[in-house]
Amino acid sequence: MNKLNVISSKTIATTAVILLASGCSAVATPQKAGSTTSASPSLTAQALDNSLLYSNSCITEREVIAAQKMWGDGIVEIGSVYSNNGDYSNEAADFIQDMYGYDLSSVLFKPTLAANDQFRSSFDAALSYFVGGNDAYAEDKGFAIKPYTNVKFDNVGIINNSCRMAVAMGNYYFTDTKGDETKVEYTFAYVKDSDNKLRIVAHQSSLPYNPSGS
């Protein structure tokens, strides 16, 4: 009889553990008043959308440096197409599509030579900055059609410890057709798209502080 009691106790205890374990996955997450069960499918759909837009692989410093070279070469190429009477506007549009993430998310772009409309949060606003010709941004003269013959990046540092985003800061140097070089400060933030290409989602650029004000 004692053996039967022991076996029965063990059976009850085991059953309780099994029910507790299975119950954890079955218990619904407490919901606030007014909330609906559609939140979970919505979050799942958002996660699925993100997986289709972004890569799962981490961003390396080498990839950031390669992306910076591509950006600099792209600026030079826009200027070259302009100088040769080509379709520089289309060249710039392709450049923005390839380098920036306007089709992925919001983009925080604060270019160097913008005073009235400093922040270019749309594709068209960015295009106007690089090549001008948009009446909505009358101050734009076309940064990339100055033109420049070389762009050199000098990173003070690259942070990529969050895996999915990398941030680079430093100075870049723009050489014009007369050989004059302009030093500009930058901060870029990159994500990696589903094709494993780095795309810019934040870009701040400014001229160094001049204490004389001239």
Output all residues satisfying side-chain contact (heavy atoms from CB on, under 4.5 Å) with [X], sequence neighbours left out; order by chain, then residue number.
X      : answer
Ser105 : Tyr54, Val201
Pro111 : Phe109, Ala114, Arg120, Tyr129
Lys141 : none
Thr149 : Thr175, Thr177

Are [X] and [Y] in one and the same hydrophobic cluster, where Ile, Leu, Val, Met, Phe, Trp and Tyr link if side-chain heavy atoms are under 4.5 Å apart?
X      : Y      : answer
Val151 : Val64  : yes
Phe123 : Phe130 : yes
Trp71  : Leu108 : no
Val191 : Leu53  : yes
Leu207 : Phe174 : yes

Distance-minimising heavy-atom pair for [X] and [Y]:
X      : Y      : answer
Ala144 : Ile78  : CB-CG2, 3.7 Å
Leu127 : Ala92  : CD1-CB, 3.7 Å
Asp117 : Ala136 : OD2-O, 4.2 Å
Ile158 : Ala168 : CG1-CB, 4.0 Å
Ala126 : Ile96  : C-CD1, 3.8 Å
Tyr137 : Ser128 : CB-OG, 3.3 Å

ask   = So, the side chain of Asp193 versus the backbone of Asn196: is there a donor-acceptor pair under 3.5 Å, distance only?
value = yes
request  = Check whether any side-chain N or O of Asp140 sits under 3.5 Å from a backbone N or O of Gly142 as a donor-acceptor pair, and report yes or no.
outcome  = no
Residues 160-167, side-chain donor-acceptor partners within the protein, below 3.5 Å, at least two apart:
residue, atom, partner, partner atom, Å
Asn160, ND2, Ile59, O, 3.0
Ser162, OG, Met165, O, 3.0
Arg164, NH2, Asn56, OD1, 3.3

Pair Asn155-Gln68, side-chain contact (heavy atoms from CB on, under 4.5 Å): steps then yes or no = CA-CA 10 Å; Asn155 293 301; Gln68 291 176 334; 2.8 Å; yes
Sequence neighbours left out, what pairs pass salt bridge (charged side-chain N to carboxylate O under 4.0 Å, His left out) with at least one residue falling in [range]?
range            : result
residues 94-112  : Asp98-Lys197, Asp103-Arg199
residues 65-90   : Lys69-Asp73
residues 53-63   : Glu63-Lys192
residues 165-178 : none

remark   = Applied to residues 125-154, the disulfide bond (SG atoms under 2.5 Å apart) test, sequence neighbours excluded, yields none
Quick one: pull up [atom1] in [X] and [atom2] in [Y] and give me the separation to the nearest 0.5 Å.
X      : Y      : atom1 : atom2 : result
Ile65  : Thr60  : CD1   : OG1   : 8.5 Å
Ile145 : Ser89  : CD1   : OG    : 9.5 Å
Lys183 : Asp154 : NZ    : CG    : 8.5 Å
Ser83  : Tyr88  : OG    : OH    : 11.0 Å
Leu113 : Gln118 : CG    : CD    : 12.5 Å
Glu139 : Asn116 : CD    : CG    : 4.5 Å

task = Kindly write out the residues that satisfy ring-ring contact (aromatic ring centres under 6.0 Å, His included) with Tyr186, not counting sequence neighbours, or none if the list is empty.
result = Phe153, Tyr172, Phe188
message = Just checking Asp135: does its CG atom have more than 12 heavy atoms from other residues, nucleotides or ligands closer to it than 6.0 angstrom?
response = no
inquiry  = Does atom OH (Tyr82) have a neighbourhood of more than 12 heavy atoms from anything else shown, all under 6.0 Å?
reply    = no
task = State which residues pass side-chain hydrogen bond (donor to acceptor under 3.5 Å, both in side chains) with Asp124; sequence neighbours excluded, sorted by chain then number.
result = none
inquiry  = I'd like to check Asn171 versus Tyr173 (side-chain heavy atoms, cut-off strictly below 4.5 Å). Are they in contact?
reply    = yes
